[in-house]
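Numbers restart at 1 for each chain; the letters A, B, ... are given by sequence-line order, proteins then strands.
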2 protein chains.
Amino acid sequence: MPTDPNPRPEPNPRPRPGPPDDRTARARIRDAALAAFAEHGTRGATMRGIAEAAGVSVGLVQHHFGTKDGLRAACDEAVVDLFRRQVSAAGLGAELSGPGGLGALLAAGPAAARYLARAMADGSAAADGLLDELTDGAEDFLSATWPDRFPAGSARARDAAAALAAMHGGTLVLHAHLARRMGADPLDGTDPGRLGRAIIDVHRALGEFAASPTGAAIADSLGTGPDPGPDTDTAPAPKEPGRG
Amino acid sequence: MPTDPNPRPEPNPRPRPGPPDDRTARARIRDAALAAFAEHGTRGATMRGIAEAAGVSVGLVQHHFGTKDGLRAACDEAVVDLFRRQVSAAGLGAELSGPGGLGALLAAGPAAARYLARAMADGSAAADGLLDELTDGAEDFLSATWPDRFPAGSARARDAAAALAAMHGGTLVLHAHLARRMGADPLDGTDPGRLGRAIIDVHRALGEFAASPTGAAIADSLGTGPDPGPDTDTAPAPKEPGRG
DNA sequence: CTCCAGGCTATACAGGTGTATGGGAAACGG
DNA sequence: CCGTTTCCCATACACCTGTATAGCCTGGAG
């Protein structure tokens, strides 16, 4: 959470004229838009609804952000900014897409996470960029940890990295389903580690299953590619990654 | 010309008056709606666009499906039906949420899969129901395979099953991202096993990683020890009798 | 005081949306 | 021949959308 020691909404402090100052009503509008876009989608959210939620008129929204797409772009930028600050604050390096990258996304705040979830599903430049970064991080992680199984630049590493990012991002996008089944939305801030624990459980279990003869048979039935891979090494002793 | 066989595929053969007959223009409209909903979302798709894509007028769409929500419901039902038929045809039992369940979804056809992906993200009764079935299957699978780690009805099994379904469903929802990174959309029908292979690769790699000391440390940092055991559990997930 | 820049509001407008309505065409049944 | 049913179309309507425009209010500068 960014430091925001403002008990009052600060009616009209005449902000500096130059750069985007991001305080006062402008920030209120942006936050309201974030929530509205997250809840109703880019198309479902309305300018009037956002203005009402922010306690301002529709004209002011236009005055500050021009058009609806401009407002959307501002939300994108704000969320990406928040995420980057969170990542650098947590000291995460390239391996964003371990269980850690997801945690950083969640730690950026429920509103931002919800917005990102919608943006990923709807497809926005910001969400695509973030997803690409997660995927790049995952590919680096895979290639660095298992160079024989996922050679750098190989199609197998690329596919696995994309799938990994999609799977972890999918838990974000489908947070409503998780909330329905787990009893608590993983995006509401309480117990941020619960989803991570479940994901690790899944990977451990499914990893063992995939390594079993039954799993190998399933993999074979899918038309295994050129490299079936050694199934004997179970503990490759990966190099220490960053905060997970 | 009273006695005239069918020179055209659907000459309006006066179908049976009673039940939903699903032929002629009605099916065309439904298919066009499926594609439109999948591409533009429930809100973005328009009645006029669907009618034009189906080659009919807007009035006919209303005549057959009443309202837009009725059309949406019909699409839901059709997709769910298709999926069930595919599952039973493949002889899949409870383990819907292994790599098999996802494959059945994909095998139901690109249009249905795309529609389902959108429906999962937007949230519809059909998508929720299907996701619940996948989750139930995953929970059964986890509890049956690792009874000590995922006791039946435990919170840990429930969380892991929900996460597993969300992760696999997420690859469906984020298929555009996968297409961007893998170079081919996993929902376009060609090489249906490629995504499954990537998922298995991910589970194997991440499973090994989670079992490593580094992974265990990460799991510990998330709040719970390696074996929390069954904590507060609630009523087991509702199961549908009959259809397995 | 006046002046005036800028945050802020109210209203108007053009376009698109879902839906209701009235009517036309073809296949039976008489 | 007419009547009825069903499929199908063109149009109208009320509503909501994003956006443009004109004006009000505050507060500092001259």
Side-chain angles (χ1 to χ4, degrees), chain A residues 6 8-33 36-37 39-75 122, chain B residues 1-33 36-37 39-75 122:
Chain A
N6 280 350
R8 294 175 47 188
E10 196 152 357
N12 184 8
R14 204 53 174 281
R16 300 161 209 110
D21 186 78
D22 252 2
R23 224 180 252 318
T24 76
R26 187 185 165 94
R28 282 211 319 273
I29 294 173
R30 191 173 32 73
D31 292 346
F37 283 142
E39 188 174 2
H40 304 107
T42 311
R43 207 140 194 162
T46 70
M47 298 285 275
R48 285 168 176 82
I50 292 168
E52 190 176 2
V56 301
S57 70
V58 193
L60 191 60
V61 181
Q62 305 180 85
H63 174 72
H64 279 302
F65 300 95
T67 165
K68 187 185 184 182
D69 206 66
L71 180 55
R72 159 74 180 256
C75 288
D122 292 357
Chain B
M1 285 63 88
T3 64
D4 193 3
N6 300 339
R8 296 174 51 186
E10 292 157 344
N12 189 9
R14 200 58 174 280
R16 300 164 211 104
D21 186 80
D22 249 2
R23 217 179 262 310
T24 76
R26 188 186 163 96
R28 283 211 316 275
I29 295 172
R30 191 171 36 69
D31 291 346
F37 283 142
E39 187 174 2
H40 304 108
T42 311
R43 206 139 195 162
T46 70
M47 298 285 274
R48 285 169 176 82
I50 291 169
E52 190 176 4
V56 299
S57 72
V58 194
L60 191 60
V61 181
Q62 303 181 87
H63 173 71
H64 279 301
F65 301 96
T67 166
K68 186 183 184 182
D69 207 65
L71 181 54
R72 160 73 181 258
C75 289
D122 293 358

**Message:** Check this one for me: any side-chain N or O of A/Thr67 less than 4.0 Å away from OP1 or OP2 of D/dT19?
**Reply:** yes
**Request:** Identify, with sequence neighbours excluded, every residue that meets salt bridge (charged side-chain N to carboxylate O under 4.0 Å, His left out) alongside B/Asp122.
**Result:** A/Arg118
**Complete:** For A/Ala53 and A/Ala32 the tightest heavy-atom approach is CB-CB, 4.0 Å
**Asked** Which residues pass the side chain to side chain contact (heavy atoms under 4.5 Å, CB included) test with B/Ala33, sequence neighbours left out?
**Response** B/Phe37, B/Ile50, B/Leu71, B/Cys75
**Request:** Mind listing the closest non-hydrogen atom pair of B/Val56 and B/Arg28 along with its distance?
**Result:** CG1-NH2, 3.7 Å
**Prompt:** Measuring from B/His40:NE2 to A/Arg43:CZ, what's the distance to the nearest 0.5 Å?
**Reply:** 7.5 Å
**Asked** What are the residues of residues 40-51 of chain B, sorted by number, that bring a heavy atom to within less than 4.0 Å of DNA chain C?
**Response** B/Ala45, B/Thr46, B/Met47, B/Arg48
**Nearest-angstrom distance from the residue atom CD of B/Glu52 to P of C/dT17** = 11 Å
**Message:** Rounding to an integer number of Å, can you tell me how far A/Leu60 CG sits from C/dT11 C1'?
**Reply:** 16 Å
**Fill in**
Applied to residues 49-69 of chain A, the salt bridge (charged side-chain N to carboxylate O under 4.0 Å, His left out) test, sequence neighbours excluded, yields none
**Message:** Distance check needed: D/dC7 C1' versus B/His64 NE2, whole Å only.
**Reply:** 6 Å
**Request:** May I have the distance from A/Asp69 (atom CG) to D/dT19 (atom C1'), rounded to whole angstrom?
**Result:** 13 Å
**Message:** Rounding to an integer number of Å, can you tell me how far B/Arg28 CZ sits from D/dC8 C1'?
**Reply:** 11 Å
Output one line per pair: protein atom, nucleotide atom from nucleotides 20-23 of chain C, and distance, for all N/O pairs under 3.5 Å.
residue : atom : partner : partner atom : Å
C/dA20  : N7   : B/Gln62 : OE1          : 3.3
C/dA20  : N6   : B/Gln62 : NE2          : 3.3

**Request:** List for me each residue that meets side chain to side chain contact (heavy atoms under 4.5 Å, CB included) alongside A/Ala74, sequence neighbours excluded, and say none if there are none.
**Result:** A/Phe65
**Asked** Taking the side chain of B/Lys68 as its heavy atoms from C-beta onward, which of D/dC8, C/dT19, C/dT9 lies nearest to it?
**Response** C/dT19
**Request:** Please state whether the phosphate of D/dC8, meaning OP1 or OP2, lies under 4.0 angstrom from any side-chain nitrogen or oxygen of B/His63.
**Result:** no
**Request:** Calculate, to the nearest 0.5 Å, the distance between atoms CZ and OG1 belonging to A/Arg72 and A/Thr42 respectively.
**Result:** 3.5 Å
**Item:** Between C/dT17 (P) and B/Leu71 (CG): distance, integer Å
**Value:** 15 Å
**Partners passing side chain to side chain contact (heavy atoms under 4.5 Å, CB included) against A/Arg48 (at least two apart in sequence or in another chain)** = A/Thr46, A/Val58
